[in-house]
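So you know, we letter chains A, B, ... as the sequences are listed, proteins then strands, and number each from 1. Remember, it's a predicted structure, so these values are computed and weren't measured experimentally.
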Amino acid sequence: MKKSVLFGALTTAGLAAGAAQAATLDDVKERGELNCGVVTGLAGFGAPDANGVWEGFDVAVCRAVAAAVLGDPMAVNFVPTTGQTRFTALASGEIDMLARNTTWTFSRDTDLKFDFVGVNYYDGQGFIVPTALGVSSAKDLDGATICIQTGTTTELNLADFFRNNNISYEPVPVETNAEGQQQYLAGACDAYTTDASGLAATRATFENPGDHVILPEIISKEPLGPLVRHGDNEWADIVRWTLNALIAAEEYGVTSANVNELASAPGTNPEVNRLLGTEGELGGMIGLENDWAKNAIAAGGNYGEIFEKNIGENTPIGLARGLNAQWTNGGLIYAPPFR
Amino acid sequence: MTTTSDAPPKAGFRPSQLIYDTRYRSLTIQVIAFIALMLGLSWLVSNTITNLSALGKDFDFGFLGQRAGYDINQRLIEYDSTSTHGRAALVGILNTLLIAVLGCVLATIVGVLAGVLRLSKNWLVAKLMAIYVEGFRNIPVLLWILLIFALMTEATPQPRDFREGGDASMILGDTIAITNRGVFIPAPFWGAGAGILLAVFLVSLVAIFFWRRYAHRTQEQTGRILPIGWGTLGLLIVPTAVAFLALGMTSGRVTQPVLATGATEGMTLADYAASQQTINACAVPFSTESLNLRRLMRSQEIRFNYVAVEDAAGALTALEAGNCNILSLPASVDIATVPAGAVALSDTIRRGMPVEFERPVLGGFNFEGGLQLRNSLIALWLALSLYTGAFIAENVRGGILSVSKGQTEAAFALGIKPSRTMRLVILPQALRVIIPPMISQYLNLTKNSSLAIAVGYMDVRSTLGGITINQTGKELEGMLLLGLFYLVTSLIISSAMNLYNSRVKLKER
Ligand SMILES: N[C@@H](CCC(=O)N[C@@H](CS)C(=O)NCC(=O)O)C(=O)O
């Protein structure tokens, strides 16, 4: 048993790096399928529907990348990961990319040897409590028992917040959002804390969402985005520019409805032409076909469409665009030029 | 490998003998296997090293000294989010050892009882035990852990149900609260004379040892049976109880002043609290002073922070440094020598008995005070013990059945009671069959405790092997350390048990 642990660790590390060196793009093309790490299940962000087909805001990024690289948005093998397993899964090459509301932090980007390719949701950490507790501020939570997902940034923020405010709490570590939700609803913890978007998504699945409030304090910055292994810059470029293509498409009014028409012949906007491949050779520059962005946008629509369909105000999750509006509307979502 | 040259120098050794001569063949095979193993190992190691560097990761244990940043709920030693990853690992190790020890003890008790009872002539009891054993042996332990945990969280009341008008109440004279966050029991606090009390208790343990030896010897020599059980019980309780009462008479009623900085002589605590922004009280953890200070604060509904110090001298230094503004010292300490201009308030506290118990009381969100046995601990403990207990029960049953029936019949013929027959005749002989497989059950239990994360119990697998690895990205280092820890623990357990085994096994004289 002891020996096998040791050998196991050595072999995983060995395999890990073996895979990391190879060109991910070639692997994906050869496999004909993209291995994409996602959440274990979070309504609106990533969860299988009634037919077992994964859908959600983060899942849409995986589909767009698969469409750009392989031409087929369904050619994705979704790998559910927990807060604790996600990084090992990516580092070991089990997945090609991770799109699992993961916060871009310094140490993850550098020390953990990953590359964040952008931000698809600007978030912050919040708390949810039962209305019956009569708590109106996170600072009233002195002595409370709080459910917290292990292996996350939110775990560290929580410790800092209570420390800075000189109040105490009892952490109840949970591994997945589902577990946290179950413990919280059973009253085993007074409050549940995670990214505010995750709280909204979790609350939407409650039987009586109105019995729970999300407290006003946002205690951290959580820029969430897709990431890949450090070192394979070609692959990082592909994922980065696929995300940017979705964002730019919204800015220029390219939607899933009109993308085929716009891509059939060059139009008046040269940037749209370059994006959709009717002008220039942008696809070739990242090793893809020239219709890569067209396929990515056709997969689930542009950034705005994806947002509205999965987590927008007309969904049960009901998130406003807020910080995640286009820069032209006063938000932070901004794609560099396609040129 | 040098042994090859040890072979008798016979004339005409031919290399083919290495394969065809049975004298050399096994040696040849061993050497080849050894070389293959070493090659495999060095391939693994060098592969790991090159691939780690290709990934840009280094191999070092420096992360153990970095700030951990996360909190742990169950801590047997001082720890907070500013402590290091190494310390977090230590907290986890202690939690693992705690569950291993608790589990092994309970599993043994349950296992021996169930094993003996499964052989009972009482049909119902025997069948019940059979159901227990088969049920637990044949269902994965993880399911039991989750099941017990789910029962504990879903079927027990929340702390707020204990409030007035709620439908839950504490049991055993309001001393124990069973909630969905754990069981809260009274916690011991140690006061003046606790050391003496402990010494008396230890001495009576020694006395018990000698009493039992004396009783056994008397019985062997004269056949007279002394009341071993009563004597043991009496020795266990009486001296300690007498010492407790005596000490309590002398120090229990004594009061001592509460000192505060920036107060005026004779001010009440309430007025002082109103005049200060925050109250920081210095006290030694688990001392009766800290308990009585807290009781006083609570009775006046004063909110305060607790600053843990080592001892009275430590409290004075902390006061001097301004870390706290309130503390209590024995009346024997001259107040004039207390630094930072602390003066006595009009409120005093009791010095306290050598040991006092603090009951859990309902606070804002949770029960406060007392000792919290978290549901994760209880679920893990019960599930591991019941699961392993089922295996131990079978070992015990096998051991008992291995003792020839003639032994029982002989004992009965001598008029020995059935319970004594079991205890004095059968079990001692069965033990040498029972102990060796028991070792591997203890090892299993200890290693199975790494399932703790399933219920959020912060063992070493969850701290070092979970959160720390995740935050620092040091999978290899963390896993190696973890493997090393389990290896060392297992070796210690098995050598301790082997030692015991060599004491009970059949002595060949
Ligand atoms: N953004 C944080 C937390 C991410 C996180 O774990 N979020 C939870 C709640 S929003 C989640 O996605 N859980 C889904 C699951 O358990 O699979 C991080 O990167 O560390």
**Student:** Tell me which of these, A188(A), S168(A), G151(A), has more heavy-atom pairs under 4.5 Å with chain B than the rest.
**Tutor:**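 The candidate making the most pairs under 4.5 Å is A188(A).
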
**Student:** Between V455(B), L484(B), I453(B), which residue shows the highest count of heavy-atom pairs closer than 4.5 Å to chain A?
**Tutor:**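 Of the candidates given, the most pairs with chain A belong to I453(B).
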
**Student:** Relative to chain B, which segment of F162(A) carries a heavy atom at a distance below 4.5 Å: side chain, backbone, both, or neither?
**Tutor:**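 F162(A) has no heavy atom closer than 4.5 Å to chain B.
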
**Student:** From E475(B) CD over to S92(A) OG, what is the distance, rounded to the nearest 0.5 angstrom?
**Tutor:**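 Separation between the atoms: 8.5 Å.
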
**Student:** Report which part of R75(B) has an atom under 4.5 Å of a heavy atom belonging to chain A: side chain, backbone, both, or neither.
**Tutor:**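 Neither part; nothing is under 4.5 Å.
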
**Student:** What's the shortest heavy-atom distance between E179(A) and A454(B), and which atoms?
**Tutor:**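 Between these two residues, the closest heavy atoms are OE2-O, 4.0 Å.
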
**Student:** Measure distances from Q372(B) to the heavy atoms of chain A and classify the residue's part below 4.5 Å as side chain, backbone, both or neither.
**Tutor:**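 Q372(B) touches chain A through side-chain heavy atoms alone.
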
**Student:** Using a cut-off of under 4.5 Å for heavy-atom pairs, which of A144(A), G143(A), C189(A) has the most such pairs with chain B?
**Tutor:**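 Of A144(A), G143(A), C189(A), A144(A) has the most heavy-atom pairs under 4.5 Å with chain B.
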
**Student:** In terms of side-chain geometry, is the basic nitrogen of R163(A) or D80(B) positioned less than 4.0 Å from the acidic oxygen of its partner?
**Tutor:**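 Salt bridge present between R163(A) and D80(B).
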
**Student:** Checking M152(B) against chain A: side chain, backbone, both or neither under 4.5 Å from a heavy atom?
**Tutor:**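 Neither part.
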
**Student:** Taking N73(B) for its side chain and E170(A) for its backbone only, find out whether a donor-acceptor pair lies under 3.5 Å.
**Tutor:**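 Pair absent, no side-chain N/O of N73(B) close to backbone of E170(A).
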
**Student:** Please report the shortest heavy-atom distance between Q158(B) and A186(A), naming the atom on each side.
**Tutor:**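 Minimum heavy-atom separation between Q158(B) and A186(A): NE2-O, 3.8 Å.
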
**Student:** Do F365(B) and D140(A) pass the side chain to side chain contact (heavy atoms under 4.5 Å, CB included) test, and can you show the C-alpha distance, the side-chain angles, and the key distance before you say yes or no?
**Tutor:** CA-CA 10 Å; F365(B) 289 99; D140(A) 297 343; 5.6 Å; no

**Student:** What are the two closest non-hydrogen atoms of G466(B) and Q84(A), and how far apart are they?
**Tutor:**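 Looking at all heavy atoms of both residues, the closest pair is CA-OE1, 3.4 Å.
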
**Student:** Determine, for D111(A) against K474(B), whether the closest basic-nitrogen to carboxylate-oxygen distance falls under 4.0 angstrom.
**Tutor:**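 Not counted as a salt bridge, because no side-chain N and carboxylate O are separated by less than 4.0 Å.
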
**Student:** Closest approach of G187(A) and R181(B), non-hydrogen atoms and distance?
**Tutor:**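 Reported closest heavy-atom pair: O-NH2, 2.9 Å.
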
**Student:** Rounded to the nearest 0.5 Å, how far does OG1 of T145(A) lie from CZ of R374(B)?
**Tutor:**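 It comes to 8.5 Å.
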
**Student:** Would you indicate whether the side-chain heavy atoms of F149(B) and Q183(A) approach each other to under 4.5 Å?
**Tutor:**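 Q183(A) reaches F149(B) side chain to side chain.
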
**Student:** For T472(B), is it the side chain, the backbone, both, or neither that has a heavy atom closer than 4.5 Å to a heavy atom of chain A?
**Tutor:**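 For T472(B), backbone heavy atoms alone lie under 4.5 Å from chain A.
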
**Student:** Within a strict 4.5 Å, meaning less than it, do heavy atoms of the L133(A) and R160(B) side chains meet?
**Tutor:**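 A side-chain contact exists here, since the closest heavy-atom pair is under 4.5 Å.
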
**Student:** Let me know if A150(B) has heavy atoms under 4.5 Å from chain A in its side chain, its backbone, both or neither.
**Tutor:**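 Neither part, no heavy atoms under 4.5 Å.
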
**Student:** Taking P171(A)'s backbone N and O only, do any of them form a donor-acceptor pair with D71(B)'s side chain (distance below 3.5 Å, no angle check)?
**Tutor:**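 Not confirmed, D71(B) side chain does not pair with P171(A) backbone.
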
**Student:** Checking N470(B) side chain against T152(A) main chain: does a donor-acceptor pair fall under 3.5 Å?
**Tutor:**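 Side chain of N470(B) to backbone of T152(A): no pair is present.
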
**Student:** Which answer fits I72(B), side chain, backbone, both or neither, if we ask what part of it has an atom under 4.5 Å from a heavy atom of chain A?
**Tutor:**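 Contact with chain A is through the backbone of I72(B) alone.
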
**Student:** State, with a plain yes or no, whether a side-chain heavy atom of D160(A) is found less than 4.5 Å away from one of Y70(B).
**Tutor:**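 They are not in side-chain contact.
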
**Student:** So which atom in G69(B) and which in A159(A) form the shortest heavy-atom distance, rounded to 0.1 Å?
**Tutor:**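 Closest heavy-atom pair between G69(B) and A159(A): O-CB, 3.3 Å.
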
